[in-house]
Amino acid sequence: MDAGLRKRHKYIWLLLTLVLSTLLIMVIKSLNFNPRVESSYASEEVADPIKEAKHDVMDVTVVKTVDAHVLELNVKQPIKSASSVIFTLDENQKIGQLEGIGTYTFQLENEISGIIIKDVIKNQEILKLEF
Amino acid sequence: MGLDYTLVLWNKHKKTYDKIIGFGMLLYLLVFIILTLVLNPETTAETMIIRAFGSLAVLMLHIILIIGPLSRLNPQFLPILYNRRHLGVSMFLAALVHGVFSIIQFHTLGNVNPIYAVFTSNMDYGSLTNFPFQVLGFLALLILFFMASTSHDFFLKNLSPKIWKGLHMMVYLAYALIIMHVFLGAFQQETSPFTIGIMVIGFMLITSLHLISALKESKIDGLKSEKADDGWLKVCGADEIPNDRAKIFTVGKERVAIFKYDGKLSAIHNVCKHQGGPLGEGKIVDGCITCPWHGYQYLPQNGQSPPPFTEKVVTYGLRLDEGMIYINPDGFEEGTEVEPVKC
Ligand code: HEM
Ligand code: FES
(Lines give C-alpha, C1' and ligand atoms only; values in the text may rest on other atoms or scores of the structure.)
(Ligands and ions follow the chains in the order given, each with its own letter.)
Protein backbone atom coordinates (compact mmCIF):
# COMPACT_ATOMS: atom_id res chain seq x y z
CA MET A 1 0.00 0.00 0.00
CA ASP A 2 1.28 3.48 -0.73
CA ALA A 3 0.71 6.49 1.49
CA GLY A 4 -2.50 7.55 -0.27
CA LEU A 5 -4.06 4.15 0.02
CA ARG A 6 -3.17 3.90 3.69
CA LYS A 7 -4.84 7.22 4.31
CA ARG A 8 -7.93 6.16 2.41
CA HIS A 9 -8.21 3.00 4.45
CA LYS A 10 -7.88 4.96 7.67
CA TYR A 11 -10.62 7.43 6.80
CA ILE A 12 -12.94 4.77 5.40
CA TRP A 13 -12.73 2.79 8.63
CA LEU A 14 -13.16 5.85 10.83
CA LEU A 15 -16.28 6.71 8.83
CA LEU A 16 -17.60 3.13 8.84
CA THR A 17 -17.09 2.83 12.59
CA LEU A 18 -18.99 6.04 13.27
CA VAL A 19 -21.85 5.49 10.83
CA LEU A 20 -22.39 1.80 11.51
CA SER A 21 -22.17 2.18 15.30
CA THR A 22 -24.81 4.88 15.20
CA LEU A 23 -27.09 2.86 12.94
CA LEU A 24 -26.64 -0.32 14.97
CA ILE A 25 -27.47 1.46 18.22
CA MET A 26 -30.61 2.88 16.60
CA VAL A 27 -31.63 -0.52 15.24
CA ILE A 28 -30.96 -2.44 18.44
CA LYS A 29 -32.95 0.13 20.39
CA SER A 30 -35.87 -0.32 18.04
CA LEU A 31 -35.80 -4.11 18.24
CA ASN A 32 -38.63 -5.67 20.15
CA PHE A 33 -37.19 -8.29 22.45
CA ASN A 34 -40.70 -8.85 23.80
CA PRO A 35 -39.95 -11.17 26.69
CA ARG A 36 -42.45 -13.93 27.09
CA VAL A 37 -44.15 -13.63 30.42
CA GLU A 38 -44.25 -17.26 31.47
CA SER A 39 -43.73 -16.52 35.13
CA SER A 40 -45.44 -13.21 35.66
CA TYR A 41 -48.82 -14.69 36.41
CA ALA A 42 -47.84 -17.88 38.12
CA SER A 43 -50.81 -17.93 40.47
CA GLU A 44 -53.65 -19.26 38.37
CA GLU A 45 -56.48 -17.81 40.48
CA VAL A 46 -55.87 -14.29 39.31
CA ALA A 47 -55.70 -15.34 35.67
CA ASP A 48 -59.05 -14.90 34.06
CA PRO A 49 -59.62 -15.96 30.44
CA ILE A 50 -61.65 -13.22 28.84
CA LYS A 51 -61.41 -13.98 25.14
CA GLU A 52 -60.90 -17.12 23.11
CA ALA A 53 -60.60 -18.23 19.51
CA LYS A 54 -60.01 -21.69 18.13
CA HIS A 55 -58.57 -22.72 14.77
CA ASP A 56 -57.02 -25.83 13.20
CA VAL A 57 -53.57 -24.32 13.42
CA MET A 58 -53.77 -22.77 16.86
CA ASP A 59 -55.89 -21.89 19.89
CA VAL A 60 -55.71 -18.36 21.18
CA THR A 61 -56.71 -17.06 24.61
CA VAL A 62 -56.43 -13.65 26.16
CA VAL A 63 -56.07 -13.85 29.93
CA LYS A 64 -56.51 -10.95 32.29
CA THR A 65 -54.18 -10.92 35.27
CA VAL A 66 -54.04 -8.42 38.11
CA ASP A 67 -51.99 -5.93 36.21
CA ALA A 68 -51.94 -6.97 32.57
CA HIS A 69 -53.51 -8.72 29.62
CA VAL A 70 -51.70 -11.78 28.45
CA LEU A 71 -52.02 -13.48 25.08
CA GLU A 72 -51.66 -17.25 25.09
CA LEU A 73 -51.15 -19.13 21.84
CA ASN A 74 -51.12 -22.87 21.47
CA VAL A 75 -49.74 -23.70 18.04
CA LYS A 76 -50.82 -27.19 17.01
CA GLN A 77 -49.54 -27.51 13.46
CA PRO A 78 -46.14 -26.73 11.98
CA ILE A 79 -45.91 -23.28 10.43
CA LYS A 80 -44.61 -23.39 6.88
CA SER A 81 -43.57 -19.78 6.62
CA ALA A 82 -39.99 -18.72 7.37
CA SER A 83 -41.20 -15.76 9.37
CA SER A 84 -44.43 -15.72 11.31
CA VAL A 85 -44.92 -12.50 13.21
CA ILE A 86 -48.00 -11.78 15.31
CA PHE A 87 -49.65 -8.38 15.11
CA THR A 88 -52.69 -6.93 16.86
CA LEU A 89 -55.75 -6.69 14.68
CA ASP A 90 -56.60 -3.28 16.07
CA GLU A 91 -53.48 -1.21 15.60
CA ASN A 92 -51.23 -3.58 13.71
CA GLN A 93 -48.73 -3.54 16.55
CA LYS A 94 -46.05 -6.22 16.63
CA ILE A 95 -46.59 -8.68 19.48
CA GLY A 96 -44.00 -11.33 18.87
CA GLN A 97 -42.95 -14.16 16.65
CA LEU A 98 -43.72 -17.86 16.26
CA GLU A 99 -41.13 -20.54 15.64
CA GLY A 100 -43.14 -23.74 15.46
CA ILE A 101 -45.43 -26.00 17.45
CA GLY A 102 -45.70 -25.06 21.11
CA THR A 103 -47.26 -22.74 23.64
CA TYR A 104 -46.43 -19.04 23.59
CA THR A 105 -47.29 -16.29 26.03
CA PHE A 106 -47.01 -12.59 25.28
CA GLN A 107 -47.82 -9.55 27.36
CA LEU A 108 -50.27 -7.13 25.78
CA GLU A 109 -50.34 -3.41 26.26
CA ASN A 110 -54.11 -3.20 26.08
CA GLU A 111 -57.13 -5.24 25.20
CA ILE A 112 -57.30 -6.49 21.63
CA SER A 113 -60.07 -7.74 19.44
CA GLY A 114 -57.98 -10.20 17.44
CA ILE A 115 -54.61 -11.04 15.97
CA ILE A 116 -53.09 -11.32 12.51
CA ILE A 117 -50.15 -13.55 11.76
CA LYS A 118 -48.04 -12.32 8.88
CA ASP A 119 -45.07 -13.48 6.92
CA VAL A 120 -43.17 -10.20 7.04
CA ILE A 121 -40.65 -11.28 4.45
CA LYS A 122 -43.21 -12.04 1.80
CA ASN A 123 -45.50 -9.36 3.19
CA GLN A 124 -48.38 -11.83 3.27
CA GLU A 125 -51.10 -12.54 5.75
CA ILE A 126 -50.98 -16.12 7.04
CA LEU A 127 -53.85 -16.18 9.50
CA LYS A 128 -56.36 -13.78 10.98
CA LEU A 129 -58.25 -14.56 14.18
CA GLU A 130 -61.00 -12.44 15.71
CA PHE A 131 -62.43 -13.02 19.14
CA MET B 1 4.85 -10.04 -14.41
CA GLY B 2 3.18 -13.19 -15.63
CA LEU B 3 0.90 -15.53 -13.84
CA ASP B 4 3.06 -18.60 -14.38
CA TYR B 5 5.69 -17.33 -12.05
CA THR B 6 3.28 -16.66 -9.21
CA LEU B 7 1.62 -19.99 -9.72
CA VAL B 8 4.88 -21.85 -9.41
CA LEU B 9 5.82 -20.05 -6.25
CA TRP B 10 2.58 -20.45 -4.36
CA ASN B 11 1.03 -23.44 -6.03
CA LYS B 12 1.56 -25.95 -3.26
CA HIS B 13 0.31 -23.66 -0.51
CA LYS B 14 -2.56 -22.40 -2.59
CA LYS B 15 -3.89 -25.90 -3.04
CA THR B 16 -3.65 -26.60 0.68
CA TYR B 17 -5.48 -23.39 1.50
CA ASP B 18 -8.14 -24.10 -1.08
CA LYS B 19 -8.74 -27.48 0.51
CA ILE B 20 -9.02 -25.87 3.93
CA ILE B 21 -11.55 -23.37 2.58
CA GLY B 22 -13.66 -26.06 0.89
CA PHE B 23 -13.54 -28.37 3.85
CA GLY B 24 -14.33 -25.56 6.30
CA MET B 25 -17.36 -24.47 4.28
CA LEU B 26 -18.71 -28.01 4.09
CA LEU B 27 -18.17 -28.54 7.79
CA TYR B 28 -20.00 -25.34 8.65
CA LEU B 29 -22.97 -26.21 6.45
CA LEU B 30 -23.14 -29.70 7.90
CA VAL B 31 -23.04 -28.48 11.51
CA PHE B 32 -25.62 -25.81 10.72
CA ILE B 33 -28.01 -28.32 9.16
CA ILE B 34 -27.60 -30.86 11.97
CA LEU B 35 -28.14 -28.18 14.62
CA THR B 36 -31.22 -26.89 12.81
CA LEU B 37 -32.66 -30.40 12.49
CA VAL B 38 -32.12 -31.02 16.20
CA LEU B 39 -33.22 -27.65 17.55
CA ASN B 40 -35.87 -26.63 15.05
CA PRO B 41 -37.05 -29.72 13.17
CA GLU B 42 -39.97 -27.95 11.50
CA THR B 43 -37.74 -25.69 9.45
CA THR B 44 -38.27 -26.17 5.72
CA ALA B 45 -35.36 -27.11 3.49
CA GLU B 46 -35.47 -23.74 1.69
CA THR B 47 -35.32 -21.78 4.92
CA MET B 48 -32.46 -23.94 6.10
CA ILE B 49 -30.48 -23.35 2.90
CA ILE B 50 -31.13 -19.62 2.99
CA ARG B 51 -29.99 -19.34 6.59
CA ALA B 52 -27.06 -21.73 6.32
CA PHE B 53 -25.53 -20.03 3.27
CA GLY B 54 -26.35 -16.50 4.48
CA SER B 55 -24.64 -17.01 7.80
CA LEU B 56 -21.73 -18.85 6.16
CA ALA B 57 -21.16 -15.91 3.81
CA VAL B 58 -21.20 -13.45 6.70
CA LEU B 59 -18.77 -15.56 8.70
CA MET B 60 -16.40 -15.75 5.73
CA LEU B 61 -16.67 -12.02 5.14
CA HIS B 62 -15.61 -11.42 8.73
CA ILE B 63 -12.58 -13.66 8.28
CA ILE B 64 -11.67 -11.89 5.03
CA LEU B 65 -11.91 -8.49 6.66
CA ILE B 66 -9.74 -9.30 9.66
CA ILE B 67 -6.93 -10.92 7.65
CA GLY B 68 -5.69 -7.53 6.37
CA PRO B 69 -5.17 -5.77 9.69
CA LEU B 70 -4.09 -9.00 11.42
CA SER B 71 -1.25 -9.52 9.00
CA ARG B 72 -0.23 -5.88 9.42
CA LEU B 73 -0.10 -6.38 13.17
CA ASN B 74 1.48 -9.83 13.03
CA PRO B 75 3.33 -11.08 9.93
CA GLN B 76 2.52 -14.68 10.84
CA PHE B 77 -0.88 -14.17 9.24
CA LEU B 78 0.68 -13.16 5.90
CA PRO B 79 0.32 -16.58 4.22
CA ILE B 80 -3.45 -16.35 4.65
CA LEU B 81 -3.42 -12.92 3.02
CA TYR B 82 -2.04 -14.39 -0.21
CA ASN B 83 -4.98 -16.68 -0.45
CA ARG B 84 -7.63 -14.14 0.47
CA ARG B 85 -8.74 -13.97 -3.14
CA HIS B 86 -10.04 -17.53 -3.21
CA LEU B 87 -11.70 -16.98 0.15
CA GLY B 88 -13.43 -13.96 -1.38
CA VAL B 89 -14.66 -15.82 -4.44
CA SER B 90 -15.94 -18.69 -2.26
CA MET B 91 -17.71 -16.20 -0.01
CA PHE B 92 -19.41 -14.69 -3.05
CA LEU B 93 -20.60 -18.14 -4.13
CA ALA B 94 -22.08 -18.82 -0.67
CA ALA B 95 -23.81 -15.42 -0.71
CA LEU B 96 -25.06 -16.12 -4.22
CA VAL B 97 -26.74 -19.37 -3.13
CA HIS B 98 -28.36 -17.49 -0.26
CA GLY B 99 -29.51 -14.64 -2.48
CA VAL B 100 -30.85 -16.85 -5.26
CA PHE B 101 -32.78 -19.07 -2.86
CA SER B 102 -34.17 -16.00 -1.06
CA ILE B 103 -35.36 -14.51 -4.32
CA ILE B 104 -36.91 -17.81 -5.38
CA GLN B 105 -38.62 -18.32 -2.08
CA PHE B 106 -39.79 -14.81 -1.40
CA HIS B 107 -40.12 -12.98 -4.67
CA THR B 108 -41.18 -15.34 -7.42
CA LEU B 109 -44.81 -15.68 -6.37
CA GLY B 110 -46.01 -12.49 -7.97
CA ASN B 111 -46.29 -11.79 -11.65
CA VAL B 112 -43.48 -9.22 -11.76
CA ASN B 113 -39.82 -9.85 -12.46
CA PRO B 114 -38.36 -11.23 -9.20
CA ILE B 115 -35.44 -8.77 -9.23
CA TYR B 116 -37.91 -5.93 -9.64
CA ALA B 117 -39.93 -7.47 -6.81
CA VAL B 118 -36.91 -7.33 -4.48
CA PHE B 119 -37.01 -3.55 -4.79
CA THR B 120 -40.74 -3.00 -4.85
CA SER B 121 -42.52 -5.70 -2.83
CA ASN B 122 -41.94 -3.62 0.27
CA MET B 123 -41.74 0.13 -0.24
CA ASP B 124 -41.28 1.03 3.40
CA TYR B 125 -37.92 2.69 2.80
CA GLY B 126 -38.47 5.27 5.52
CA SER B 127 -38.99 2.75 8.28
CA LEU B 128 -36.33 1.25 10.49
CA THR B 129 -38.17 -1.84 11.65
CA ASN B 130 -39.84 -2.67 8.37
CA PHE B 131 -37.11 -1.57 5.97
CA PRO B 132 -36.88 -3.64 2.74
CA PHE B 133 -33.64 -5.23 3.90
CA GLN B 134 -33.46 -7.55 0.88
CA VAL B 135 -32.49 -4.54 -1.22
CA LEU B 136 -29.38 -4.05 0.93
CA GLY B 137 -28.45 -7.71 0.49
CA PHE B 138 -29.01 -7.41 -3.25
CA LEU B 139 -26.75 -4.38 -3.61
CA ALA B 140 -24.06 -6.07 -1.52
CA LEU B 141 -24.29 -9.17 -3.67
CA LEU B 142 -23.88 -7.02 -6.77
CA ILE B 143 -20.67 -5.52 -5.37
CA LEU B 144 -19.39 -8.97 -4.41
CA PHE B 145 -20.18 -10.14 -7.93
CA PHE B 146 -18.09 -7.36 -9.49
CA MET B 147 -15.24 -8.13 -7.16
CA ALA B 148 -15.33 -11.88 -7.69
CA SER B 149 -15.53 -11.54 -11.46
CA THR B 150 -12.60 -9.11 -11.66
CA SER B 151 -10.46 -10.90 -9.12
CA HIS B 152 -8.22 -12.52 -11.72
CA ASP B 153 -4.82 -10.97 -12.43
CA PHE B 154 -6.00 -10.36 -15.98
CA PHE B 155 -8.31 -7.60 -14.73
CA LEU B 156 -5.76 -6.33 -12.24
CA LYS B 157 -3.49 -5.71 -15.18
CA ASN B 158 -6.11 -4.31 -17.54
CA LEU B 159 -7.90 -2.09 -15.09
CA SER B 160 -4.57 -0.87 -13.60
CA PRO B 161 -3.81 -1.71 -9.97
CA LYS B 162 -5.13 1.66 -8.83
CA ILE B 163 -8.64 1.24 -10.24
CA TRP B 164 -8.64 -2.42 -9.26
CA LYS B 165 -7.77 -1.62 -5.67
CA GLY B 166 -10.43 1.08 -5.63
CA LEU B 167 -12.99 -1.39 -6.94
CA HIS B 168 -11.98 -3.94 -4.36
CA MET B 169 -12.18 -1.43 -1.54
CA MET B 170 -15.92 -1.46 -2.25
CA VAL B 171 -15.92 -4.56 -0.08
CA TYR B 172 -16.17 -2.13 2.84
CA LEU B 173 -19.38 -0.71 1.42
CA ALA B 174 -20.62 -4.27 0.88
CA TYR B 175 -19.79 -5.03 4.49
CA ALA B 176 -21.82 -2.04 5.71
CA LEU B 177 -24.75 -3.06 3.50
CA ILE B 178 -24.62 -6.65 4.75
CA ILE B 179 -24.47 -5.63 8.42
CA MET B 180 -27.58 -3.53 7.88
CA HIS B 181 -29.19 -6.34 5.84
CA VAL B 182 -28.83 -8.68 8.80
CA PHE B 183 -29.81 -6.18 11.47
CA LEU B 184 -32.82 -4.82 9.61
CA GLY B 185 -33.86 -8.20 8.26
CA ALA B 186 -33.22 -11.37 10.17
CA PHE B 187 -33.08 -9.66 13.55
CA GLN B 188 -36.37 -7.87 13.07
CA GLN B 189 -38.26 -11.12 13.02
CA GLU B 190 -36.04 -13.24 15.14
CA THR B 191 -34.69 -11.08 17.89
CA SER B 192 -32.18 -13.28 19.60
CA PRO B 193 -29.66 -11.70 21.98
CA PHE B 194 -27.24 -14.49 21.09
CA THR B 195 -26.98 -13.90 17.34
CA ILE B 196 -27.14 -10.13 17.78
CA GLY B 197 -24.35 -10.41 20.33
CA ILE B 198 -22.19 -12.39 17.91
CA MET B 199 -22.73 -9.87 15.12
CA VAL B 200 -21.96 -6.94 17.41
CA ILE B 201 -18.78 -8.61 18.68
CA GLY B 202 -17.79 -9.31 15.06
CA PHE B 203 -18.39 -5.67 14.17
CA MET B 204 -16.31 -4.43 17.11
CA LEU B 205 -13.51 -6.88 16.30
CA ILE B 206 -13.31 -5.83 12.65
CA THR B 207 -13.51 -2.10 13.22
CA SER B 208 -11.09 -2.06 16.15
CA LEU B 209 -8.50 -4.16 14.33
CA HIS B 210 -8.71 -1.88 11.31
CA LEU B 211 -8.44 1.25 13.43
CA ILE B 212 -5.55 -0.12 15.51
CA SER B 213 -3.55 -1.09 12.44
CA ALA B 214 -4.36 2.23 10.77
CA LEU B 215 -3.10 4.12 13.82
CA LYS B 216 0.04 2.00 13.92
CA GLU B 217 0.71 2.71 10.25
CA SER B 218 0.06 6.43 10.74
CA LYS B 219 2.62 6.45 13.49
CA ILE B 220 5.21 4.84 11.22
CA ASP B 221 4.39 7.35 8.49
CA GLY B 222 4.89 10.13 11.01
CA LEU B 223 8.43 9.06 11.94
CA LYS B 224 10.90 11.68 10.70
CA SER B 225 14.53 10.98 9.96
CA GLU B 226 17.27 13.47 10.74
CA LYS B 227 18.01 15.81 7.83
CA ALA B 228 21.56 16.51 6.67
CA ASP B 229 22.59 19.96 5.34
CA ASP B 230 21.99 18.99 1.71
CA GLY B 231 18.44 17.78 2.41
CA TRP B 232 19.34 14.08 2.40
CA LEU B 233 17.96 12.03 5.28
CA LYS B 234 20.13 10.13 7.74
CA VAL B 235 18.31 6.83 8.21
CA CYS B 236 20.42 4.19 9.97
CA GLY B 237 23.78 2.48 10.27
CA ALA B 238 24.74 0.13 7.44
CA ASP B 239 25.26 -2.68 9.94
CA GLU B 240 21.64 -2.46 11.13
CA ILE B 241 20.36 -4.04 7.91
CA PRO B 242 20.69 -7.83 7.73
CA ASN B 243 22.13 -9.43 4.63
CA ASP B 244 19.69 -10.02 1.74
CA ARG B 245 17.04 -8.12 3.68
CA ALA B 246 15.83 -4.55 3.96
CA LYS B 247 14.81 -1.91 6.43
CA ILE B 248 11.87 0.32 5.65
CA PHE B 249 11.89 4.09 6.19
CA THR B 250 9.40 6.86 5.66
CA VAL B 251 10.92 9.31 3.22
CA GLY B 252 8.72 12.30 2.63
CA LYS B 253 5.28 10.75 2.38
CA GLU B 254 6.30 7.42 0.95
CA ARG B 255 8.01 4.39 2.35
CA VAL B 256 11.34 3.25 0.97
CA ALA B 257 13.06 -0.11 1.40
CA ILE B 258 16.86 -0.11 1.68
CA PHE B 259 18.26 -3.53 0.80
CA LYS B 260 21.66 -4.97 1.64
CA TYR B 261 23.07 -7.72 -0.60
CA ASP B 262 26.54 -8.84 -1.74
CA GLY B 263 28.14 -6.03 0.31
CA LYS B 264 26.04 -3.41 -1.50
CA LEU B 265 23.09 -1.13 -0.65
CA SER B 266 20.18 -0.13 -2.90
CA ALA B 267 16.93 1.69 -2.17
CA ILE B 268 13.57 1.33 -3.93
CA HIS B 269 9.98 2.37 -3.28
CA ASN B 270 8.44 -0.07 -0.80
CA VAL B 271 5.27 -0.67 -2.82
CA CYS B 272 4.98 -3.67 -5.16
CA LYS B 273 3.44 -2.96 -8.57
CA HIS B 274 1.25 -6.04 -8.36
CA GLN B 275 -1.06 -5.36 -5.45
CA GLY B 276 0.95 -2.99 -3.33
CA GLY B 277 2.76 -5.57 -1.22
CA PRO B 278 5.54 -4.27 1.08
CA LEU B 279 8.73 -5.05 -0.84
CA GLY B 280 10.93 -4.23 2.13
CA GLU B 281 9.44 -7.17 4.01
CA GLY B 282 10.60 -9.50 1.27
CA LYS B 283 14.12 -10.75 0.71
CA ILE B 284 16.69 -11.06 -2.06
CA VAL B 285 16.19 -14.32 -3.98
CA ASP B 286 18.54 -15.10 -6.91
CA GLY B 287 19.78 -11.52 -6.84
CA CYS B 288 16.25 -10.07 -7.07
CA ILE B 289 14.13 -8.30 -4.49
CA THR B 290 11.19 -10.69 -4.11
CA CYS B 291 7.80 -9.42 -2.97
CA PRO B 292 6.61 -11.26 0.14
CA TRP B 293 3.02 -11.35 -1.06
CA HIS B 294 3.01 -13.12 -4.42
CA GLY B 295 6.64 -13.21 -5.40
CA TYR B 296 7.01 -10.46 -8.05
CA GLN B 297 10.71 -9.69 -8.48
CA TYR B 298 12.73 -6.51 -9.02
CA LEU B 299 16.41 -5.87 -9.58
CA PRO B 300 17.73 -3.82 -6.64
CA GLN B 301 19.96 -1.50 -8.69
CA ASN B 302 17.23 -0.29 -11.09
CA GLY B 303 13.86 -1.33 -9.63
CA GLN B 304 12.96 -3.21 -12.82
CA SER B 305 11.49 -6.69 -13.06
CA PRO B 306 13.90 -8.97 -14.92
CA PRO B 307 12.90 -9.51 -18.58
CA PRO B 308 10.49 -10.49 -20.01
CA PHE B 309 8.57 -8.66 -17.31
CA THR B 310 8.14 -4.92 -17.40
CA GLU B 311 7.24 -3.74 -13.91
CA LYS B 312 9.27 -0.77 -12.65
CA VAL B 313 9.42 0.97 -9.31
CA VAL B 314 10.98 4.25 -8.16
CA THR B 315 14.65 4.09 -7.12
CA TYR B 316 16.49 6.33 -4.67
CA GLY B 317 20.04 7.66 -4.33
CA LEU B 318 22.06 6.56 -1.29
CA ARG B 319 25.40 7.50 0.23
CA LEU B 320 27.40 6.12 3.10
CA ASP B 321 29.15 8.44 5.55
CA GLU B 322 31.04 7.01 8.55
CA GLY B 323 28.92 3.89 8.50
CA MET B 324 25.64 5.84 8.37
CA ILE B 325 23.28 5.59 5.41
CA TYR B 326 21.88 8.79 3.89
CA ILE B 327 19.05 8.80 1.35
CA ASN B 328 17.98 11.40 -1.18
CA PRO B 329 14.26 11.94 -0.42
CA ASP B 330 13.58 12.79 -4.05
CA GLY B 331 13.22 9.51 -5.88
CA PHE B 332 14.24 8.96 -9.48
CA GLU B 333 11.93 7.97 -12.31
CA GLU B 334 10.64 4.43 -12.06
CA GLY B 335 13.27 1.96 -13.23
CA THR B 336 16.21 4.39 -13.14
CA GLU B 337 19.58 2.69 -12.77
CA VAL B 338 21.38 3.76 -9.57
CA GLU B 339 24.92 2.70 -8.74
CA PRO B 340 24.66 0.61 -5.52
CA VAL B 341 26.66 1.90 -2.53
CA LYS B 342 29.43 -0.43 -1.32
CA CYS B 343 29.46 -1.20 2.37
C1 HEM C 1 -30.11 -10.85 -3.59
C2 HEM C 1 -29.59 -10.69 -2.44
C3 HEM C 1 -30.19 -11.12 -1.12
C4 HEM C 1 -31.48 -11.38 -0.76
C5 HEM C 1 -32.74 -11.31 -1.63
C6 HEM C 1 -31.47 -11.77 0.63
C7 HEM C 1 -32.60 -12.11 1.37
C8 HEM C 1 -32.59 -12.49 2.69
C9 HEM C 1 -33.75 -12.87 3.44
C10 HEM C 1 -35.15 -12.92 2.89
C11 HEM C 1 -33.35 -13.16 4.71
C12 HEM C 1 -34.20 -13.63 5.86
C13 HEM C 1 -34.20 -15.14 5.84
C14 HEM C 1 -34.75 -15.76 7.07
O15 HEM C 1 -34.70 -15.17 8.14
O16 HEM C 1 -35.20 -16.90 6.94
C17 HEM C 1 -31.93 -12.96 4.77
C18 HEM C 1 -31.16 -13.17 5.88
C19 HEM C 1 -29.80 -13.10 5.88
N20 HEM C 1 -28.97 -12.69 4.85
FE21 HEM C 1 -29.57 -12.23 2.98
N22 HEM C 1 -30.17 -11.74 1.08
C23 HEM C 1 -29.35 -11.33 0.05
C24 HEM C 1 -27.99 -11.18 0.09
C25 HEM C 1 -27.19 -11.44 1.18
C26 HEM C 1 -25.75 -11.33 1.21
C27 HEM C 1 -24.89 -10.86 0.05
C28 HEM C 1 -25.36 -11.72 2.46
C29 HEM C 1 -23.96 -11.81 3.05
C30 HEM C 1 -22.86 -11.99 2.45
C31 HEM C 1 -26.53 -12.06 3.22
C32 HEM C 1 -26.53 -12.50 4.53
C33 HEM C 1 -27.66 -12.80 5.27
C34 HEM C 1 -27.65 -13.29 6.62
C35 HEM C 1 -26.41 -13.56 7.48
C36 HEM C 1 -28.97 -13.47 7.01
C37 HEM C 1 -29.47 -13.99 8.34
C38 HEM C 1 -29.57 -15.47 8.22
C39 HEM C 1 -30.38 -16.08 9.29
O40 HEM C 1 -31.56 -15.75 9.38
O41 HEM C 1 -29.84 -16.91 10.00
N42 HEM C 1 -27.64 -11.87 2.41
N43 HEM C 1 -31.48 -12.56 3.51
S1 FES D 1 3.60 -9.81 -5.75
FE2 FES D 1 1.56 -9.38 -5.33
S3 FES D 1 1.78 -7.59 -4.18
FE4 FES D 1 3.79 -8.01 -4.69
Side-chain angles (χ1 to χ4, degrees), chain A residues 1-36 57 75-87 92-102 117-124 126, chain B residues 40-44 46-47 50-51 68-69 102 105-107 109 121-122 128-130 134 162 165-166 169 172-173 175-176 179-180 183-193 196 199-200 203-204 206-208 210-211 213-215 217-218 221 250 252-255 269-271 276-278:
Chain A
M1 282 207 259
D2 60 13
L5 213 49
R6 275 196 294 277
K7 217 174 216 157
R8 237 157 87 199
H9 269 88
K10 187 167 81 183
Y11 289 123
I12 285 179
W13 279 102
L14 279 172
L15 188 77
L16 270 182
T17 308
L18 281 177
V19 172
L20 279 180
S21 315
T22 317
L23 281 172
L24 289 192
I25 289 170
M26 275 165 64
V27 170
I28 291 175
K29 266 187 161 167
S30 80
L31 286 177
N32 185 357
F33 284 85
N34 221 339
R36 300 205 193 139
V57 180
V75 181
K76 297 178 289 188
Q77 284 180 9
I79 301 174
K80 295 253 160 44
S81 155
S83 104
S84 316
V85 180
I86 317 161
F87 294 88
N92 208 20
Q93 265 178 341
K94 190 153 86 183
I95 302 177
Q97 111 134 12
L98 301 177
E99 276 129 29
I101 294 181
I117 301 186
K118 285 192 211 167
D119 181 333
V120 290
I121 299 178
K122 291 189 203 170
N123 230 347
Q124 272 173 357
I126 303 170
Chain B
N40 219 342
E42 292 152 31
T43 312
T44 62
E46 291 88 349
T47 303
I50 289 172
R51 293 186 177 168
S102 299
Q105 195 181 14
F106 300 120
H107 298 290
L109 294 171
S121 64
N122 171 359
L128 202 55
T129 50
N130 194 25
Q134 292 96 327
K162 209 169 183 148
K165 191 75 198 172
M169 276 168 80
Y172 302 143
L173 177 61
Y175 171 70
I179 288 276
M180 295 317 289
F183 271 83
L184 292 176
F187 291 166
Q188 292 295 333
Q189 334 142 28
E190 194 160 332
T191 309
S192 137
I196 293 178
M199 286 295 289
V200 169
F203 170 72
M204 295 200 295
I206 287 185
T207 46
S208 54
H210 274 272
L211 291 179
S213 78
L215 286 183
E217 300 285 323
S218 291
D221 278 343
T250 309
K253 270 188 173 165
E254 292 297 343
R255 289 188 200 172
H269 189 203
N270 190 41
V271 180

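Residue numbers begin at 1 in each chain, while the letters A, B, ... track the order of the sequences. Worth saying up front: this structure is predicted, and the values here are computed from it rather than measured.
In this structure, OG1 on T207(B) lies 9.0 Å from CG on L16(A), to the nearest 0.5 angstrom.
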Working for side chain to side chain contact (heavy atoms under 4.5 Å, CB included), residues L23(A) and I179(B): CA-CA 10 Å; L23(A) 281 172; I179(B) 288 276; over 6 Å; no
V27(A)/M180(B) under side chain to side chain contact (heavy atoms under 4.5 Å, CB included): CA gap, chis, key distance, verdict: CA-CA 9 Å; V27(A) 170; M180(B) 295 317 289; 3.9 Å; yes
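Across I12(A), D119(A), L24(A), the residue that shares the most heavy-atom pairs under 4.5 angstrom with chain B is L24(A).
Looking at L20(A), both its backbone and its side chain come within 4.5 Å of chain B, counting heavy atoms on both sides. Heavy-atom distances place the side chain of T47(B), and not its backbone, under 4.5 Å from chain A.
By the side chain to side chain contact (heavy atoms under 4.5 Å, CB included) test, L211(B) pairs with W13(A), L14(A), T17(A), sequence neighbours left out. The ring pair (Phe, Tyr, Trp, His ring centres under 6.0 Å) check on Y175(B) picks up H62(B), with sequence neighbours excluded.
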